[in-house]
Amino acid sequence: MEIQVSGKDIVITHLQDFCLRDILCCGQCFVFRELAPDTFFGTAGGRALTVSQSGDTLTLHNTTPTDFEGFWRGYFDLDRDYAAVKRALCCDETLRLAVAYAPGMRVLRQPPWEALCSFILSQNNNIKRIQGIVERLCETFGEALPGGGYGFPTPQTLASLTVEDLAPLRAGFRAKYILDAAQKVASGEVNLNELYTLDIDDARRSLMRIKGVGIKVADCALLYGASRVEAFPLDVWMKRAMASLFPKGLPDCAVPYAGLAQQYIFHYIRCGVKGACEVGAEGK
DNA sequence: AGCCAGGGTCTGC
DNA sequence: GCAGACCATGGC
């Protein structure tokens with residue numbers, strides 16, 4: 001990986017184990033939309049970004065070295081050795097297939113509040129509609145950013161609102177959960193900064209004090225919002241995948257990176273093999 | 001038209 | 001602890 005500054009762009013060449021489309025479209029974040037093939041625009045951490053990939057070159061447009069080093073480098077998880085992770089996961093044949101299906105998959109390091117909010121909105125919902133709700137949330141209550149688009153509204157902003165205020169989002173029953181999360185985070189009752197260092201069970205329990213946050217949403221907030229790769233979110237897709245592909249449980253070699261393994265498996269069963277989940281499900 | 005969606009809460013055993 | 005109704009909305 002080599003990083004150069006070219007005008008207002010940051011250009012990364014010789015990038016390994018990185019597929020922008022898989023990373024941004026696999027359902028781990030909902031704030032990027034594709035402007036043109038392999039070119040995406042989105043906002044995170046109060047910054048707007050247009051990013052494109054061509055082969056092993058990734059270009060971050062209209063950003064600065066400060067924003068790159070201070071945010072995007074971490075956001076795209078550029079300093080994790082995915083080759084080593086993939087070698088470890090390939091101890092198991094099924095995991096090997098999942099990794100081979102999307103070898104450029106990565107898990108983003110999103111700001112914890114943004115991940116928490118996003119996955120509260122994800123419950124009993126589909127990815128298309130989640131994207132729409134998040135977009136309306138940012139446009140309605142977020143701050144307009146210099147590079148275009150709107151940032152994620154802060155907990156403080158949302159904490160002062162009512163469910164009626166959130167009606168334009170069409171978030172349904174999830175609106176009250178967003179408000180409870182905002183209030184508990186703004187008041188300090190839930191401290192998102194602790195999620196990085198707390199024992200994983202304590203971190204999960206802390207998040208579950210918020211109404212509408214159960215085990216799955218908490219694990220998503222921990223994995224995507226605090227880089228806790230030992231967290232292993234089990235949604236309806238992953239439950240089907242585990243029943244059919246890993247009836248004896250996740251292989252031991254994957255446990256330290258369960259969350260990363262989860263991302264390969266999730267994408268594999270949703271997009272890779274049509275019918276992979278029905279095979280084992282027929283017997284029950 | 002009807003089923004399902006990156007679930008959680010509440011109630012009743 | 002576990003099952004089932006219910007929750008709002010819209011994509012397919």
Side-chain angles (χ1 to χ4, degrees), chain A residues 22-34 98 101-102 105-110 112 114-137 140 161-184 190 201 204-229 231-246 250 258-278 281 284:
Chain A
D22 286 348
I23 292 166
L24 294 181
C25 298
C26 70
Q28 62 174 317
C29 83
F30 309 99
V31 292
F32 278 89
R33 57 188 166 91
E34 194 164 17
Y101 178 70
M105 183 60 73
R106 292 190 179 218
V107 170
L108 298 168
R109 295 172 179 258
Q110 303 176 55
E114 300 182 13
L116 172 61
C117 248
S118 296
F119 282 92
I120 286 173
L121 293 170
S122 79
Q123 67 173 262
N124 199 24
N125 209 342
N126 58 71
I127 292 175
K128 267 287 189 292
R129 195 162 80 99
I130 299 164
Q131 291 173 336
I133 296 172
V134 170
E135 185 174 12
R136 290 190 290 277
L137 176 66
T140 309
L161 302 177
T162 66
V163 286
E164 290 77 26
D165 294 325
L166 296 191
L169 306 184
R170 286 170 283 162
F173 61 87
R174 306 164 192 85
K176 56 182 177 291
Y177 299 153
I178 291 295
L179 293 184
D180 191 60
Q183 288 158 10
K184 286 194 166 73
V190 173
D201 294 314
R204 192 182 291 113
R205 268 191 290 273
S206 173
L207 285 167
M208 288 173 64
R209 298 163 61 94
I210 298 165
K211 287 177 190 167
V213 177
I215 294 175
K216 193 271 176 183
V217 170
D219 279 346
C220 284
L222 287 169
L223 174 60
Y224 302 121
S227 304
R228 300 298 296 264
V229 295
F232 191 65
L234 282 173
D235 72 315
V236 291
W237 292 92
M238 281 301 297
K239 285 176 182 173
R240 288 196 288 256
M242 291 306 291
S244 67
L245 299 179
F246 303 98
L250 194 66
L260 302 180
Q262 177 269 159
Q263 204 59 42
Y264 292 105
I265 298 166
F266 180 76
H267 191 245
Y268 179 57
I269 54 124
R270 289 194 75 229
C271 311
V273 264
K274 194 71 179 170
C277 292
E278 286 80 354
K284 58 178 238 178

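The shown structure was predicted, so the numbers you read here are calculated from the model rather than taken from an experiment. Chain letters run A, B, ... following the sequence lines, proteins first and then strands; every chain starts at 1.
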With a 4.0 angstrom cut-off to heavy atoms of chain A, pull out the first and last contacting nucleotide of DNA chain B, in 5'-to-3' order.
B/dA5 to B/dT9
Walking DNA chain B from its 5' end, the first of A/Tyr177 and A/Phe266 to be reached, judged by nearest nucleotide, is A/Phe266
Under 4.0 Å between any heavy atoms, over every strand shown, what does A/Gln262 touch: base, sugar-phosphate, or nothing? Just pick one.
base
Taking atom P in both B/dG6 and C/dG4, what distance in whole Å separates the two?
23 Å
Which part of the nucleic acid, if any, lies within contact of A/Tyr224, taking any heavy atom under 4.0 Å across all strands shown: a base, the sugar-phosphate backbone alone, or nothing?
base
Counting the atoms with a prime plus P, OP1 and OP2 as sugar-phosphate, which does A/Gly27 contact under 4.0 Å by heavy atoms, base, sugar-phosphate, or nothing?
base
Show every salt bridge (Lys or Arg N to Asp or Glu O under 4.0 Å) that has at least one partner inside residues 258-269 of chain A, sequence neighbours left out.
none
Checking all strands, does A/Cys26 fall into the base, sugar-phosphate, or nothing category for heavy-atom contacts under 4.0 angstrom?
base
Quick test of your reading: applying salt bridge (Lys or Arg N to Asp or Glu O under 4.0 Å), list the pairs with at least one residue in residues 162-181 of chain A, sequence neighbours left out, ordered by first then second residue.
A/Asp180-A/Lys184
Measuring only between side-chain heavy atoms, which start at C-beta, is A/Gln28 closer than 4.5 Å to A/Ile23?
yes
Base, sugar-phosphate alone, or nothing: which one does A/Ile215 contact when heavy atoms must sit under 4.0 Å apart?
sugar-phosphate
Looking at residues at least two apart in the chain, or sitting in another chain, which of them share a side chain to side chain contact (heavy atoms under 4.5 Å, CB included) with A/Arg204?
A/Ile200, A/Asp201, A/Met208, A/Ile215, A/Ala218, A/Asp219, A/Leu222
Write out a two-atom table: protein N or O, nucleotide N or O from nucleotides 9-12 of chain C, distance below 3.5 Å.
residue : atom : partner  : partner atom : Å
C/dT9   : O4'  : A/Arg129 : NH1          : 3.4
C/dT9   : O2   : A/Arg129 : NE           : 3.2
C/dT9   : O2   : A/Arg129 : NH2          : 3.0
C/dG10  : OP1  : A/Arg170 : NH1          : 3.0

Could you give the distance separating B/dA1 and C/dG11 at their C1' atoms, to the nearest angstrom?
14 Å
P atom, C/dG10 versus B/dG8: distance in rounded Å?
22 Å
All side chain to side chain contact (heavy atoms under 4.5 Å, CB included) counterparts of A/Lys239, not counting sequence neighbours
A/Leu234
Results of side chain to side chain donor-acceptor pair (under 3.5 Å) for A/Ser227 - residues two or more places apart only
A/Arg109
Hey, are the side chains of A/Ile178 and A/Leu169 touching, using non-hydrogen atoms and a 4.5 Å cut-off?
no
Taking for each residue the nucleotide of DNA chain B bearing the nearest heavy atom, is the 5' side occupied by A/Met208 or by A/Pro233?
A/Pro233
With P as the reference atom in both, quote the distance from B/dC3 to C/dA5 in angstrom, rounded to an integer.
14 Å
My understanding is that only residues two or more places apart in sequence, or in another chain, count here; which of them pass side chain to side chain contact (heavy atoms under 4.5 Å, CB included) with A/Val229?
A/Arg80, A/Leu223, A/Leu260
Side chain to side chain donor-acceptor pair (under 3.5 Å) partners for A/Tyr224, two or more places apart
A/Gln262, A/Gln263
